[in-house]
Amino acid sequence: SQNCTFALSTILPTYLGGPSILPIKDTKSISLSQGLLWRAATEEKLPPLDFPGWVHVGDVAKAHIVALEKEGEVSGKRWILSEKNASFEKIADIVRANFGGVLNPSKETQREETWTATSSEVLVELGLGSYIPLERTVIETVKQLLEVEAAAKAKARFVPAKL
């Protein structure tokens with residue numbers, strides 16, 4: 001008889017932002033989260049707001065590592081990771097404040113009438129401290145996607161620097 005027993009811990013990130021470690025061909029071949037953020041940064045019309053939760057990819061990576069290291073203590077738990085809720089209007093505002101001379105994001109307004117994911121307990125249970133702020137998440141994502149666009153225009157493939 002073969003009995004396999006294990007407990008599964010689950011990390012459930014909301015929309016992810018921050019730098020990618022994978023090579024990116026162009027801004028048409030990016031992840032869903034990056035695509036939504038890029039649309040908010042570059043298009044005249046904001047994407048529809050279906051869910052406003054955002055978290056930095058570095059926080060998600062850290063949570064996975066710590067969950068593995070604390071295996072016995074956290075087995076069987078599930079956590080939603082979300083630094084904060086933000087409408088695409090808020091993301092466009094961050095882009096405008098930091099990339100105003102380069103990008104011209106939408107000035108459209110957007111109401112943020114959605115549910116909130118409470119995720120502060122994961123900070124305590126995994127000892128993560130605090131989340132990387134949304135502003136840094138947006139800035140790092142947009143900066144990298146601008147580099148992707150520059151590489152694509154030069155007919156080169158963007159390969160991210162080591163993080």
Side-chain angles (χ1 to χ4, degrees), residues 6-43 46-95 97-99 103 105 110 112-149 151 157-163:
F6 65 92
L8 180 69
S9 296
T10 308
I11 308 290
L12 304 158
T14 53
Y15 284 139
L16 289 169
S20 174
I21 61 170
L22 301 173
I24 304 170
K25 180 181 174 187
D26 56 36
T27 54
K28 292 177 184 73
S29 59
I30 54 180
S31 73
L32 173 68
S33 298
Q34 289 172 317
L36 290 168
L37 201 150
W38 188 242
R39 285 175 55 200
T42 60
E43 294 184 3
L46 294 173
L49 184 63
D50 59 350
F51 181 78
W54 288 89
V55 66
H56 192 282
V57 68
D59 288 328
V60 177
K62 191 172 168 184
H64 278 90
I65 291 166
V66 174
L68 286 169
E69 291 172 343
K70 293 185 165 194
E71 180 186 354
E73 300 170 49
V74 299
S75 294
K77 301 239 179 178
R78 293 172 52 124
W79 300 281
I80 294 174
L81 270 66
S82 182
E83 190 268 328
K84 75 169 22 170
N85 281 359
S87 66
F88 292 113
E89 175 186 3
K90 172 68 174 162
I91 290 169
D93 291 343
I94 293 169
V95 172
N98 291 277
F99 299 93
L103 296 171
Q110 194 170 56
E112 190 180 313
E113 293 181 6
T114 59
W115 54 281
T116 301
T118 304
S119 62
S120 56
E121 68 279 352
V122 69
L123 298 175
V124 174
E125 289 182 36
L126 292 180
L128 298 177
S130 61
Y131 285 112
I132 295 168
L134 175 69
E135 185 168 345
R136 178 175 157 195
T137 302
V138 172
I139 291 168
E140 288 180 359
T141 305
V142 171
K143 182 177 181 251
Q144 188 178 58
L145 293 175
L146 285 168
E147 292 170 4
V148 167
E149 282 222 321
R157 186 175 182 108
F158 173 79
V159 179
K162 290 189 177 187
L163 302 177

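Throughout, numbering of the chain's residues begins at 1 and tracks the sequence.
- Put simply, CD1 on I139 and CG on N98 are 3.5 Å apart, with the number rounded to the nearest 0.5 Å.
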inquiry  = Before you tell me yes or no, could you show the steps for T14 and L81 under side chain to side chain contact (heavy atoms under 4.5 Å, CB included), namely the whole-Å CA-CA distance, both residues' side-chain angles and the distance that decides it to 0.1 Å?
reply    = CA-CA 6 Å; T14 53; L81 270 66; 5.9 Å; no
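- No donor-acceptor pair closer than 3.5 Å links the side chain of D59 to the backbone N or O of K62.
- The CD atom of E140 sits 12.0 Å away from atom OG of S20, with the distance rounded to the nearest 0.5 Å.
- Within the 4.5 Å cutoff, the side chain of L8 has no heavy atoms near those of the R78 side chain.
- Contact of the L32 side chain with the Y15 side chain is registered, since non-hydrogen atoms from C-beta on lie closer than 4.5 Å.
- The backbone N or O of L145 sits nowhere less than 3.5 Å from a side-chain atom of T27 that would complete a donor-acceptor pair.
- The shortest heavy-atom contact between V60 and P13 is CG2-CB, 3.7 Å.
- Between the side chain of E43 and the backbone N or O of A40 there is no donor-acceptor pair closer than 3.5 Å.
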query = L16 and V55: side chain to side chain contact (heavy atoms under 4.5 Å, CB included), yes or no, with the steps?
reply = CA-CA 5 Å; L16 289 169; V55 66; 3.7 Å; yes
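- V95 and P105 make their closest contact through CG1-CG, 3.9 Å (heavy atoms, listed as atom of the first residue, atom of the second, distance).
- The shortest distance between side-chain heavy atoms of L146 and F99 falls below 4.5 Å.
- The nearest pair of heavy atoms linking N85 to S82 is OD1-OG, 4.3 Å.
- Of the candidates L46, D93, L37, L46 is the only one forming a side-chain contact (heavy atoms from CB on, under 4.5 Å) with F88.
- Q110 places none of its side-chain heavy atoms less than 4.5 Å from the side chain of K90.
- Smallest separation of non-hydrogen atoms from W38 and I30: CB-CD1, 4.1 Å.
- Side-chain atoms of W54 and I91, non-hydrogen and from C-beta on, do get closer than 4.5 Å to each other.
- Rounding to the nearest 0.5 Å places NZ of K84 at 9.0 Å from CD of E135.
- The OG atom of S33 sits 10.5 Å away from the CZ atom of F51 when rounded to the nearest 0.5 Å.
- Put simply, the side chain of E83 gets close to the backbone of L134: a donor and an acceptor are under 3.5 Å apart.
- When atom types are taken as modelled, the side chain of S9 and the backbone of V74 share a donor-acceptor pair closer than 3.5 angstrom.
- A side-chain N or O of W79 and one of E125 form a donor-acceptor pair less than 3.5 Å apart.
- With hydrogens and angles ignored, the 3.5 Å screen pairs a side-chain donor or acceptor of T141 with a backbone N or O of G18.
- Annotation: side chain of I24 is in contact with side chain of Q144 (closest heavy-atom distance under 4.5 Å).
- For V57 against P19, the heavy-atom pair with the smallest separation is CG1-O, 3.5 Å.
- Closest heavy-atom contact between A67 and I11: CB-CD1, 4.4 Å.
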